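Before any comments, here is the structure.
In this text, all values refer to a predicted model and were calculated from it rather than measured experimentally.
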Amino acid sequence: MHHMRRFIAAVTALVALGAAIAGTTALAPPAPASASAERAAAGTASRDVRFTASDGVTLQTTLTGAAPLVPRPTVVEFSPYGRNSGTLAVGSAYNSLLVQIRGTGDSDGQFDALGPRTQADVAEVLRWACNQPWSDHSLALNGFSASAITIYNSLHLQLPCVKAAVLRSGTLELYRDLLVPGGISNIVPGAGVMALIGAPALAQASDRLQRNPASGLGVVGGLLDAGVSGGFLHPTLDSWWRQRGFRGDVNHLPILMIDGFFDVESRGAFQAYQALRGDGAHLLVVGGHDGAPVGTDDGVPEANAWLDHYVRGVHNGIDTQPNVQMLLSQGDRQTYLDGQYTRLDASDWPVPGTQWAALSLDPTRSGSATSLNDGTLTLGRTGPAATQAYISLPSVSTSTDPPNAAIVGAMGLNALTAQLPVLTDMQISDTLGLTYSTAPLRRDVTAAGPAALDIQLASTSPETGIWAVISDVGPDGIAHPLMAGRLNSSFPGVDASKSLHDGQGAIVEPYGRYETKQPATPGQFRRYQVEFWPIGNVFRAGHRIRLEIVGESAASLPTLPGVNLVKVGAGSGAVLRFPVLPGSDLGAALGG
């Protein structure tokens with residue numbers, strides 16, 4: 001009966017995840033007002049203006065500002081989500097220009113998944129906006145998720161008149177950071193994104209077709225092509241994906257990156273900060289798609305202060321704030337959102353002085369988990385060599401997939417999981433995979449940074465998803481997931497020159513090679529280095545750190561079921577490289 005209840009809970013979790021993502025298609029924008037009419041409400045004015053790109057395609061733009069619309073600095077956002085989809089409210093000192101990306105909303109042309117033609121539109125629109133009568137020739141860029149990705153992808157082009165940018169979430173590499181992390185297709189979120197883009201295009205179709213009857217086929221064809229290309233036609237990191245990623249910033253813009261540790265695109269902001277910190281970038285890790293802790297401001301004041309300083313020349317001290325500011329969880333995403341967090345400032349990322357502890361996977365039973373292979377994480381010597389097996393079947397996404405669970409949680413699933421925590425803790429998954437836990441910590445340990453799992457694995461399948469979860473285990477024995485590590489077994493290669501190494505030369509943030517698949521021979525062991533996106537958590541005294549190796553998330557494109565074997569213990573080299581901040585002594589916390 002106990003296992004049946006867990007099975008029912010697992011099915012409920014999967015249904016809830018699919019329903020929450022599918023439900024986003026209902027978020028269609030309100031019906032638009034007539035084009036070219038200036039509207040006034042509560043002291044503001046709004047005007048629709050169509051922009052004609054160099055290839056003749058017209059894009060819908062909407063200008064908003066304090067009435068009357070006079071020359072002011074203008075904050076520009078490029079969005080595929082239709083009307084009223086701007087994501088930052090700016091003060092009366094600015095005008096705002098929302099540009100609907102080609103092939104979406106009420107814009108003509110074909111959506112190209114934020115590729116070269118959309119990037120050219122960005123540069124052309126900015127050149128046009130800079131010289132309009134409502135512009136004072138000072139522009140800024142704002143973006144959240146897709147609108148931030150659009151800007152990251154376009155920074156290799158000259159962007160006229162732009163003084164600064166605020167970008168929340170978003171990807172530096174669309175392949176790695178959202179749609180195919182670790183070479184594993186993130187199919188359910190990808191489908192959800194396409195539904196979100198398609199909904200406003202459908203809602204605004206009447207106006208578009210009345211204006212340009214020929215536009216319908218182009219819009220539909222572009223959306224279908226982008227969905228098929230991103231989901232199925234390009235499983236490896238080829239030129240199509242490289243055109244949809246960061247290729248440098250010739251503009252040297254000061255950019256404020258805002259994100260959260262549980263965000264569905266969290267890797268992008270950390271990578272973007274590292275790439276652009278030389279141009280004055282700052283990183284604010286306070287929340288994104290995953291929501292911000294109650295009682296916090298979600299980074300909005302910092303965003304407005306950033307624009308005031310770099311666009312309007314206001315001396316407000318934002319440029320002298322710490323380069324990196326973070327809110328760390330204290331054991332669980334839900335309690336984090338409820339307001340239990342630790343604030344941490346740093347001069348850089350990764351935090352200077354971070355040490356990566358080598359936690360060995362030991363077959364010795366910890367006595368703290370219900371797994372049939374209840375192993376231990378140890379510092380130093382390990383127990384005898386062993387080979388442990390688990391069945392590679394899809395795992396419960398709401399627990400084993402923290403980034404995707406966080407985005408649907410913010411859409412309303414949090415209310416459900418607060419009443420049914422088994423949907424988001426690891427109780428179900430503990431019984432199905434391999435678990436390795438430390439002893440209870442004798443003192444607090446603060447962990448912030450990327451992590452890596454180094455293992456030897458074999459499978460009965462030529463291709464399997466290697467999926468691991470780092471959790472915080474409370475004194476009650478319940479494990480709360482913090483981040484997943486993901487890797488398709490057909491991609492064993494790592495580019496050492498682009499990977500992050502610790503002081504001893506060990507790779508602690510592997511940069512995987514995804515250009516060509518190399519399927520494994522069934523039953524043959526190979527070495528894999530699995531990347532975990534950054535975690536930020538304070539492990540309290542009395543808690544444990546746990547690594548769980550399970551089947552890949554059900555939100556991923558499934559591989560064939562199989563049995564996976566992992567070598568652990570003496571001589572196996574199986575190790576979790578775990579980030580520990582200065583001031584924390586993991587050895588002392590473990591009684592070493």
Side-chain angles (χ1 to χ4, degrees), residues 181-182 259-267 269-270 285-291 293 326-338 340-342 344 350-351 354 356-357 359 368-369 377 395-407 409-410 414 417 421 423-430 433 435-438 441 444-453 467-474 476-486 508-509 530-540 542-550 553 576-581 584 586 589:
D259 211 341
F261 280 110
F262 297 101
D263 192 89
V264 70
E265 297 169 333
S266 66
R267 181 183 186 273
F270 291 98
V285 190
V286 297
H289 295 93
D290 49 315
M326 300 175 282
L327 302 182
L328 312 183
S329 57
Q330 296 179 358
D332 177 51
R333 180 175 65 88
Q334 189 61 54
T335 57
Y336 172 77
L337 292 176
D338 291 341
Q340 296 181 34
Y341 59 85
T342 297
L344 177 69
V351 176
T354 300
W356 277 267
L359 290 169
S368 66
L377 284 178
S395 60
V396 181
S397 304
T398 51
S399 58
T400 63
D401 197 345
N404 287 326
I407 189 172
N414 286 339
T417 57
L423 297 180
T424 53
D425 63 37
M426 298 295 290
Q427 292 184 72
I428 299 170
S429 300
D430 276 350
T435 63
Y436 304 92
S437 311
T438 66
L441 301 174
D444 292 356
V445 172
T446 303
L453 173 63
W467 199 279
V469 181
I470 295 175
S471 299
D472 184 314
V473 185
D476 59 1
I478 303 299
H480 299 278
L482 299 173
M483 185 49 67
R486 300 167 272 195
V508 296
E509 187 178 29
V530 183
E531 176 190 10
F532 288 83
W533 292 357
I535 65 170
N537 185 68
V538 178
F539 292 80
R540 294 299 190 192
H543 289 224
R544 300 172 188 257
I545 302 165
R546 177 173 293 169
L547 172 73
E548 307 180 46
I549 303 176
V550 297
S553 164
L576 172 66
R577 303 195 185 279
F578 182 78
V580 181
L581 292 192
S584 291
L586 185 57

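- Side-chain polar atoms of Asp263 and His289 form a donor-acceptor pair below 3.5 angstrom.
- Asp425 and Pro481 make their closest contact through CA-CD, 4.1 Å (heavy atoms, listed as atom of the first residue, atom of the second, distance).
- Between atom CD1 of residue Ile478 and atom CD of residue Gln427 there is a gap of 3.5 Å, rounded to the nearest 0.5 Å.
- Checking Ser471 against Arg546 by side-chain atom types alone, no donor-acceptor pair falls below 3.5 Å.
- Between Leu453 and Ala468, the shortest heavy-atom distance links the atoms CD2-CB, 3.9 Å.
- Residues Met483 and Pro403 come closest through the heavy atom pair SD-CG, 3.7 Å.
- Side-chain contact between Leu581 and Leu344: present, with at least one pair of heavy atoms (C-beta onward) separated by less than 4.5 Å.
- Looking only at atom types and distance, the side chain of Asp332 has no donor-acceptor partner in the side chain of Gln334 under 3.5 Å away.
- In this structure, the side chains of Ser329 and Leu482 come closer than 4.5 Å at one or more pairs of heavy atoms.
- One distance of note links OH of Tyr436 with CD1 of Ile470; it measures 14.5 Å at 0.5 Å rounding.
- Checking side-chain atoms of Asp259 against main-chain N and O of Val285 turns up no donor-acceptor pair under 3.5 Å.
- Side-chain atoms of Thr335 and Gln330 form no donor-acceptor pair, as typed in the model, at a separation below 3.5 Å.
- Taken from CG in Asn404 to CD1 in Ile407, the straight-line distance is 7.5 Å, to the nearest 0.5 Å.
- Between Phe261 and Phe270, the ring centre distance stays below 6.0 Å.
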Test side chain to side chain donor-acceptor pair (under 3.5 Å) on Asp430 and Thr435 and set out the steps. CA-CA 7 Å; Asp430 276 350; Thr435 63; 5.9 Å; no
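- Considering only residues two or more places apart in sequence or on other chains, Ser584 meets the side-chain contact (heavy atoms from CB on, under 4.5 Å) condition with Val445, Thr446, Val580.
- Under the 4.5 Å side-chain criterion, counting only non-hydrogen atoms from C-beta, Met326 is not in contact with Thr342.
- Across all their heavy atoms, Val473 and Ala479 have their closest contact at CG2-CB, 3.8 Å.
- When every heavy atom of Ala405 is checked against every heavy atom of Thr398, the shortest pair comes out as CB-O, 3.5 Å.
- Side-chain contact of Ser553 with Ser397: a donor-acceptor pair under 3.5 Å is present, judged by distance alone.
- One finds the CG atom of Leu547 at 9.0 Å from the OG atom of Ser437 (value rounded to the nearest 0.5 Å).
- For the pair Arg540 and Asp472, the salt-bridge criterion is not met [side-chain N within less than 4.0 Å of a carboxylate O].
- In this structure, the side chain of Thr400 engages the main chain of Val396 through a donor-acceptor pair within 3.5 Å.
- Ring centroid separation for the pair Phe578 and Phe539 comes in under the 6.0 Å cut-off.
- At least one side-chain heavy atom of Ile545 sits under 4.5 Å from a side-chain heavy atom of Leu586.
- Using a 4.0 Å cut-off between charged side-chain N and carboxylate O, Arg577 and Glu509 make no salt bridge.
- Looking only at distances, no side-chain donor or acceptor of Trp356 sits under 3.5 Å from a matching main-chain atom of Gly449.
- Side-chain contact check for Trp467 versus Val530: every heavy-atom pair is 4.5 Å or farther apart.
- Between Met426 and Glu548, the closest side-chain pair of non-hydrogen atoms falls below 4.5 Å.
- For Pro181, the side-chain contact (heavy atoms from CB on, under 4.5 Å) partners at least two apart in sequence or on another chain are Asn186, Arg486, Trp533.
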